[in-house]
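A quick write-up on the structure given underneath.
Since the structure is predicted, the reported quantities are computational estimates derived from the model, not experimental observations.
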Amino acid sequence: MSLITSTIGQGLLWGVLALGLFLTFRILNFPDMTVEGTFPFGAAICVSALVHGVDPVLATILSFLGGMLTGLVTGLLYTKGKIPVLLAGILTMTGVYSVNLRILGKANVGLLNKATLLNEKFLQKLPTNFPTIVVGLFFAVLIILLLAVFLNTDLGQSFIATGDNEKMARSLGINTDSMKILGLMLSNGLIGLAGGLIAQNGGYADVNMGIGTMVTSLAAIIIGEVVYGKNLTLTARLIAIIIGSIIYRLILLLVLQLGFSTNDFRLISAIILAICMMLPLFEKKFHVRKLLKKGVQKP
């Protein structure tokens with residue numbers, strides 16, 4: 001039971017990261033490699049602040065603001081510098097690695113005996129691993145509500161329109177460059193926040209902890225879409241991402257129980273993501289075969 005509650009808590013926290021990636025990957029329709037630099041950047045800022053006695057709430061907010069900063073850099077390189085978005089993200093990710101080392105002072109910093117959001121007195125009264133669930137659920141619900149409200153405003157609709165059809169958005173007078181920068185800032189802000197939360201939960205920050213985070217986030221998004229389909233309201237899709245993140249973590253737990261090593265996690269993550277992304281193709285082929293068996297000609 002303890003393993004399951006721990007996994008659910010982890011799924012909720014990593015779901016915050018997936019929500020951030022969703023804004024660029026699904027709404028703006030482009031890959032943002034900044035993720036793998038922003039995540040440890042948010043963790044480094046949060047942990048460094050906590051080590052220096054900063055209040056956990058403020059340290060967590062700083063991780064969000066730090067993430068927004070990396071998103072701003074990528075956005076400016078992409079829109080103003082005319083650097084392809086994939087390369088702009090890689091450039092920011094590479095530069096942030098050195099910044100993380102500056103912030104932490106070394107490759108890895110722990111939070112032993114330091115105050116965090118997860119060891120607040122009222123949370124310590126809860127059963128083992130439940131503080132993680134409470135904190136993760138709080139942030140997941142808060143972010144989903146805020147995103148749902150934002151995406152239904154005029155600004156949010158302009159943001160969505162930019163991702164749907166950039167030329168049409170421009171013809172309507174929308175400054176698409178500003179929308180891209182806004183999207184990258186919000187996305188990376190949430191990713192930095194996730195880095196701060198996961199660092200507090202794990203008790204440390206490491207400059208290399210961002211490796212593979214994009215695959216993890218994509219897995220949560222794709223699993224949520226596979227399980228619940230794409231014909232959902234926007235708010236329902238955000239909820240599906242959180243559920244997809246939990247399912248993904250439960251799959252990893254099952255893999256561990258089968259005797260695999262944690263060293264295999266990234267390989268397993270890549271395999272899970274590849275399978276989930278190919279499921280619609282398998283489903284389509286299976287549907288076509290069923291039609292052919294019934295005597296329907298293949299179009």
Side-chain angles (χ1 to χ4, degrees), residues 8-32 34-35 38-39 42 57 60-61 63-65 67-68 71-72 75 117 132-166 168-169 172 174-176 178-198 213-214 216-249:
I8 292 172
Q10 287 284 330
L12 289 166
L13 294 179
W14 283 92
V16 173
L17 176 65
L19 288 173
L21 186 63
F22 175 79
L23 295 177
T24 50
F25 182 69
R26 280 296 185 227
I27 296 184
L28 287 179
N29 292 316
F30 58 66
D32 177 27
T34 319
V35 173
T38 300
F39 181 75
V57 174
T60 305
I61 293 172
S63 65
F64 174 76
L65 295 176
M68 290 189 75
L72 175 62
L117 285 180
T132 306
I133 293 176
V134 171
V135 172
L137 190 60
F138 170 79
F139 278 97
V141 171
L142 177 64
I143 291 166
I144 288 172
L145 288 174
L146 291 175
L147 285 178
V149 171
F150 164 70
L151 293 172
N152 282 290
T153 62
D154 289 342
L155 182 61
Q157 290 299 303
S158 297
F159 173 59
I160 293 171
T162 299
D164 284 343
N165 190 321
E166 187 176 344
M168 183 189 73
L172 294 172
I174 297 171
N175 188 328
T176 55
S178 295
M179 291 301 104
K180 291 173 185 177
I181 292 173
L182 174 64
L184 283 162
M185 288 180 69
L186 287 176
S187 171
N188 283 280
L190 293 178
I191 292 162
L193 173 64
L197 292 172
I198 291 167
T213 49
M214 191 164 188
T216 300
S217 306
L218 286 175
I221 295 170
I222 301 300
I223 290 172
E225 291 176 348
V226 168
V227 172
Y228 293 97
K230 293 184 179 181
N231 298 321
L232 298 172
T233 64
L234 194 53
T235 304
R237 288 185 74 179
L238 296 175
I239 296 171
I241 289 170
I242 297 295
I243 296 172
S245 179
I246 294 172
I247 292 172
Y248 170 72
R249 289 286 146 185

Please tell me if the side chains of [X] and [Y] come closer than 4.5 Å, counting only heavy atoms from C-beta onward.
{"X": "Ile242", "Y": "Leu238", "result": "no"}
{"X": "Thr132", "Y": "Leu12", "result": "no"}
{"X": "Ile61", "Y": "Val57", "result": "yes"}
{"X": "Phe159", "Y": "Ile174", "result": "no"}
{"X": "Leu182", "Y": "Leu155", "result": "yes"}
{"X": "Phe39", "Y": "Thr216", "result": "no"}
{"X": "Val35", "Y": "Thr24", "result": "no"}
{"X": "Thr213", "Y": "Ile191", "result": "no"}

Once you round to the nearest 0.5 Å, how far does [atom1] of [X] lie from [atom2] of [Y]?
{"X": "Asn152", "Y": "Leu147", "atom1": "CG", "atom2": "CG", "result": "11.0 Å"}
{"X": "Leu184", "Y": "Met68", "atom1": "CG", "atom2": "CE", "result": "11.0 Å"}
{"X": "Arg237", "Y": "Leu19", "atom1": "CZ", "atom2": "CG", "result": "12.0 Å"}
{"X": "Phe22", "Y": "Leu218", "atom1": "CZ", "atom2": "CG", "result": "12.0 Å"}
{"X": "Leu117", "Y": "Phe139", "atom1": "CG", "atom2": "CZ", "result": "5.5 Å"}
{"X": "Lys180", "Y": "Asp32", "atom1": "NZ", "atom2": "CG", "result": "13.0 Å"}

Minimum heavy-atom distance between [X] and [Y], given as atom pair plus value:
{"X": "Thr235", "Y": "Ala148", "answer": "OG1-CB, 3.5 Å"}
{"X": "Ile27", "Y": "Leu23", "answer": "CB-O, 3.2 Å"}
{"X": "Val16", "Y": "Ala194", "answer": "CG1-CB, 4.0 Å"}
{"X": "Leu151", "Y": "Ile160", "answer": "O-CD1, 3.7 Å"}
{"X": "Leu13", "Y": "Gly136", "answer": "CD2-CA, 3.7 Å"}
{"X": "Gly42", "Y": "Ser63", "answer": "O-CB, 3.3 Å"}

Quiz item: Counting only N and O atoms by type, is there a donor-acceptor contact under 3.5 Å from the side chain of Ser245 to the main-chain atoms of Ile241?
Solution: no

Quiz item: Does a side chain donor of either Thr38 or Asn188 reach within less than 3.5 Å of an acceptor in the other side chain?
Solution: yes

